[in-house]
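Worksheet: one structure, shown below.
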Amino acid sequence: MTQVNIFADQLALSGMKSERGIALAKKTIDDIQVKGKRVLVRCDFNVPVIDGKITDDNRIIAALPTLKKLIEDGGRLVLCSHFGRPKGPDSNASLAPVAERLSSYLGKQVIFADDDNVVGENAKKAVAAMADGDVVLLQNTRFRKEETKNEEAFSKDLASLADVYVNDAFGTAHRAHCSTVGVTDFVKESAVGYLMNKELQFLGGAVDNPVRPFVAILGGAKVSDKLGVINSLLGKVDTLIIGGGMAYTFMKAQGHEVGDSLLEADQLDYCNEMLKKAEGKLLLPVDTVVAKEFNKDAEHKTVPLGGIEAGWMGLDIGPESRKLFTDALKDAKTVIWNGPMGVFEFENFAKGTLAVAQAMADIDATTIIGGGDSAAAVIQMGFGDKMSHISTGGGASLEFLEGKELPGVLAVQDR
């Protein structure tokens, strides 16, 4: 049984289906024949690198099922990805470390074509010399300024190396770039990879037709980062939990003092509007762990709702809030979480995030982590293997949860 069918079976068992039909409508790599063909695969290899060494290779590991399937089927793989945000060729933004790590995982040499213009002589020669099952990795797509502008010249250059295009980079699917959208205009056949399909199945199924009770948890720093998501989810969930820095703007909107906590005064009217729309669905913290400064060893204490004094700032939810939130999760059957409950990087202010992660790990439900800091927190705290799905796309996940169409998905051929 293919991996994508296993994912589909998991969703069927949970009763989840996507009314949008996006995942089922798109060709997948199980629908195409790649033997002897050049397959341009858009991956997300935007991994953290310090002093030339990869410090977290989860995105590389996530790409392996698709790559191994295409290799086994005799495809000639030409991989591309962005890395960082260079404005042109930059040796500090080279994908060379990825080629080395990927070679070790695939058990075969990945040829790295290090052309500054991405599709240069090295790339063309390497691709021309390929045999079935070979793998070439192109240089960082953002070395070409045309990439983020989705300009035709670079799209054509990428397409010149391919007979088939596969997009497996959900994390960039919300951007219309040459390597995610433009290239599809010049390649006859396209499909999504296993990772992309899994993201669409889980996120689409959870939001469009969830098994209830359906609980969403939003955290992170700013309300302004999640305006559309809050509004969209309030119309779909049974309970919406809000923690993290964004909760203080909601508290202020309710008339509570928030001291020196993070506050977006220009979002108070929006928060009031959402509080009215929530009709009892919205849970906010009832106590807060506060500190005098943003520091891992800062003096701290727990105060009740409205008790944050001037000179103190909220850095985590308190014990009563942890109980309130985890109790709300006990009977849930579908849970989506995006954004930590506090400054989880500091041990003194990580208890709220830890409590939510533990509660999600303990329940019998479809549990989805919507990328970003919440994904980092879950993995760091050792709960990664306890979740149904951890999204690889922060911004893409948020836009998808908001109900937006993703350009990188729409560009791929339908079945």
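As the structure is a computational prediction, the values presented were derived from the model and not from experiment. Below, each value reflects all heavy atoms present in this structure, side chains not excepted, and no hydrogens, waters or symmetry copies. Note that the numbering runs from 1 along the sequence shown for the chain.
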Handout entry: Expected output: side-chain T334 to main-chain F214 donor-acceptor under 3.5 Å
Key = no
Practice task
Would you confirm whether D116, through its side chain, and P89, through its main-chain N or O, come within 3.5 Å as a donor-acceptor pair?
Solution key: no
Does atom [atom1] of [X] have more than 12 heavy-atom neighbours from other groups under 6.0 Å away?
X    : atom1 : answer
K296 : NZ    : no
D331 : CG    : no
E100 : CD    : no
E293 : CD    : yes
K277 : NZ    : yes

Less than 4.0 Å between a side-chain N and a carboxylate O, is that true for [Y] and [X]?
X    : Y    : answer
K156 : E152 : yes
D362 : K386 : no
R101 : D57  : yes
R59  : D44  : yes
D132 : R76  : yes
D31  : R415 : yes
D238 : K281 : no
E151 : R144 : no

Exercise for the section: Specify the closest pair of heavy atoms between Q267 and S224, including all atoms of both residues, with the distance to one decimal. Expected result: NE2-CB, 4.0 Å
Answer yes or no: is there a side-chain heavy-atom contact under 4.5 Å between [X] and [Y]?
X    : Y    : answer
L218 : W337 : no
V412 : M196 : no
L240 : I230 : yes
V49  : T55  : no

Side chains of [X] and [Y] only: does a donor on one sit below 3.5 Å from an acceptor on the other?
X    : Y    : answer
H389 : Q201 : no
T172 : T180 : no
Y194 : D30  : yes
T28  : N197 : no
D287 : S321 : yes

Practice task
Decide if the gap between the ring center of F346 and the ring center of F294 is smaller than 6.0 angstrom.
Solution key: yes
Practice task
Run through R175, H177, E147, R42 and flag the one making a side chain to side chain donor-acceptor pair (under 3.5 Å) with H82.
Solution key: R42
